[in-house]
Amino acid sequence: MPTDTKRVRGPEVSQSPSLFLCRPPVVLPSQGPRADGRQRDQVDVRPVFVRCGLVSQAKGSAYIEAGNTKLMCCVYGPRETERKDETDMKCGRLTTDMRFAPFSCPERGSWIQGSQDKDFSLMLHESLQPAVCLHKYPRSQIEVNVMVLENSGSVLAHAITCASLALADAGIEMYDLVLGCSIRQDGASCVVDPSYMEENYCSSASSENQGGLTVAFLPSLNQISGLQSDGEMTEEILTAGVRTCIEGCYKLYPVIQQALAKAVRKAAPPPSES
Amino acid sequence: MATVQVSEAEKVYILHGIRDDLRVDGRGCEDYRHMEIETDVVSNTDGSAKVTLGHTAVLVGIKADIGKPRPLVPNEGYLEFFVDCSANATPEFEGRGGEELGTELSNTLYKVFNNKHSVDLKSLCICPGEHCWVLYVDVLLLQCDGNLYDAISIAIKAALFNTKIPRVRISTDEEGGKEIELSDDPYDCMRLNVENVPCIVTLCKVGHRHVVDATLQEKACSVASLIISVTHKGTVTCTRKVGGGSLDSESIFEMTEAGKRVGKALHAPLMNVLQQEEHLGKKKQKVGFLG
């Protein structure tokens, strides 16, 4: 694992200068439009830019940009399983790995995978597994690697979308595309597809119903393949949040389908009418 | 997780039984197995509890240490979770085998407690910005028979109830150095308010119905489960879908509602039992690990 042995670090007791910034207390208003002009309580997802097939070495790859969140995913496989004792005779294995570049968050992260990265990788695995036809790839392994280049909120949801696009681009057989959407509940209102500020700084003194929710959805089968929430919410708010996320996924679906169709056409243009 | 091999005939048997609200051991779909809780089992810790749920046994020890508070929240203490899957539970956990499961469990515990109300973190502060109590919650899995999340969360709640944090006073001496004074009385300690500590309920989807507290056989017949952590007021602090299958959105709503109902009903009897045990005081019979 690469560690940083060339840089001279400051003394152990040094702290990041961002802690000492004379910041006015970050109180994001809980009414009115959000910082980037989108609406609250409405399914207002950020416009996405998606491209498939960017990495020529990988079997399949995808890049997604939503607001300032940028991430890319590469898929390798189906390949022979690396560890022979884990070879499954009846179905394939899906390995997922999600990493954050050290410069992706406002605070510099480290190269060594922390427990949060492992948690995201596990969530990604659980969300993608129901969609991939693993029984068609016995004794093989499919690797999905997501790299977050810039974290500006809602990273897991976009990683799920990007990974399923990359799997489709690699030609792996799937039952359906998996789309991700997340919301942040803030008191009585919810914001869909939160930005980094909205995710990490809770506004207002309202102590009820503060939390975040991420849903991974298969649109044509109408099944939820991944669900994760934290913070504290009542059950009604949670249910409403899940419905909102599903709507957000439906909104994203046509864009993703178009990007995939474009990539397929570019790779193998249809025979000309002659 | 320790798994059992279940034949097709057994799966069909379990599925049909659950469809008629009758499980293999005679329980209903929302009944728990026989649960035994004992606190104060390990004398070297500040708080400990052992929970046996059917054949699943979990031991939690809490140690309070003085540490530096987190830079962003200088007037709060914090909790650190660590789950160790002992090789006693199943040979799969030998060496580093249980590490993945342990990380998954600890990460979920961090999420469950990641809110303002579960544990009053401000009461863990000694000197803002300089000293605070850090509670190291260490969970040890002794036996694995399904439903680890529920057993662990109940054990943590019991252990936090049992935790006695000594009262300290920080004073400055002549040169400006800080001195920590501990009171001489061993019973002069601070207790935590565990009213708002949530309990986790795992609901496994088997066929078209969901079951609470699934055994390993029932788990082998289910494709997906939903973990939901509920406080005594009915607030949901964490939900998570685990397993390699997908769930219908209607099932998720049904399961959340059932989970909230079951979780809410779990808190009152648990607090009663813990308080009864506390009142027994010296008359308490120690059952320990051999009972």
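First the proteins, then the strands, lettered A, B, ... as listed; each starts at 1.
Between chain A and the residues B/S246, B/A224, B/G244, the most heavy-atom pairs under 4.5 angstrom are made by B/S246. In terms of non-hydrogen atom pairs under 4.5 Å with chain B, the most contact-rich of A/L221, A/N222, A/L218 is A/N222. Between chain B and the residues A/H125, A/M233, A/Q116, the most heavy-atom pairs under 4.5 angstrom are made by A/M233. Interface remark: of the candidates B/T239, B/N114, B/T103, B/T239 forms the most heavy-atom pairs closer than 4.5 Å to chain A. Heavy-atom pairs under 4.5 Å with chain B peak, among A/I237, A/T234, A/T239, at A/T239.
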* To do: Walk me through it: do B/R240 and A/L227 pass the test side-chain contact (heavy atoms from CB on, under 4.5 Å)?
  => CA-CA 5 Å; B/R240 202 184 153 129; A/L227 174 69; over 6 Å; no
* Applying side-chain contact (heavy atoms from CB on, under 4.5 Å), run through B/V58 and B/I154 and close with a yes or a no. => CA-CA 10 Å; B/V58 163; B/I154 293 173; over 6 Å; no
* Asked: Is there a side-chain contact (heavy atoms from CB on, under 4.5 Å) between A/R139 and A/K90 once you walk through the steps?
  -> CA-CA 7 Å; A/R139 297 190 296 276; A/K90 291 203 213 75; over 6 Å; no
* Asked: Can B/K63 and B/D65 be said to form a salt bridge (charged side-chain N to carboxylate O under 4.0 Å, His left out), step by step?
  -> CA-CA 6 Å; B/K63 283 192 98 68; B/D65 250 351; over 6 Å; no
* Apply the test side-chain hydrogen bond (donor to acceptor under 3.5 Å, both in side chains) to residues B/Y32 and B/D150: give CA-CA distance (whole Å), side-chain angles for both, the deciding distance (0.1 Å), then the verdict. => CA-CA 10 Å; B/Y32 274 93; B/D150 297 32; 2.9 Å; yes
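Neither the backbone nor the side chain of B/V223 comes within less than 4.5 Å of any heavy atom in chain A. Contacts between B/I227 and chain A at a heavy-atom distance below 4.5 Å are absent for every atom of the residue. Contacts between B/E100 and chain A at a heavy-atom distance below 4.5 Å are absent for every atom of the residue. Both the backbone and the side chain of A/I224 come within contact range of chain B, with heavy atoms under 4.5 Å apart. Interface remark: B/L247 contributes backbone and side-chain atoms alike to the contact with chain A (heavy atom separation under 4.5 Å). When heavy atoms are compared at a cutoff of 4.5 Å, A/L94 does not approach chain B at all.
Under the 30°/60° scheme for interplanar angles, the aromatic rings of A/Y250 and A/F217 are found to stand perpendicular.
Between B/K260 and A/E235, at least one side-chain nitrogen of the basic residue sits less than 4.0 Å from a carboxylate oxygen of the acidic one, meeting the salt-bridge criterion. A salt bridge links B/E80 with B/R70: the distance from a Lys NZ or Arg NE/NH1/NH2 to an Asp or Glu carboxylate oxygen falls below 4.0 Å.
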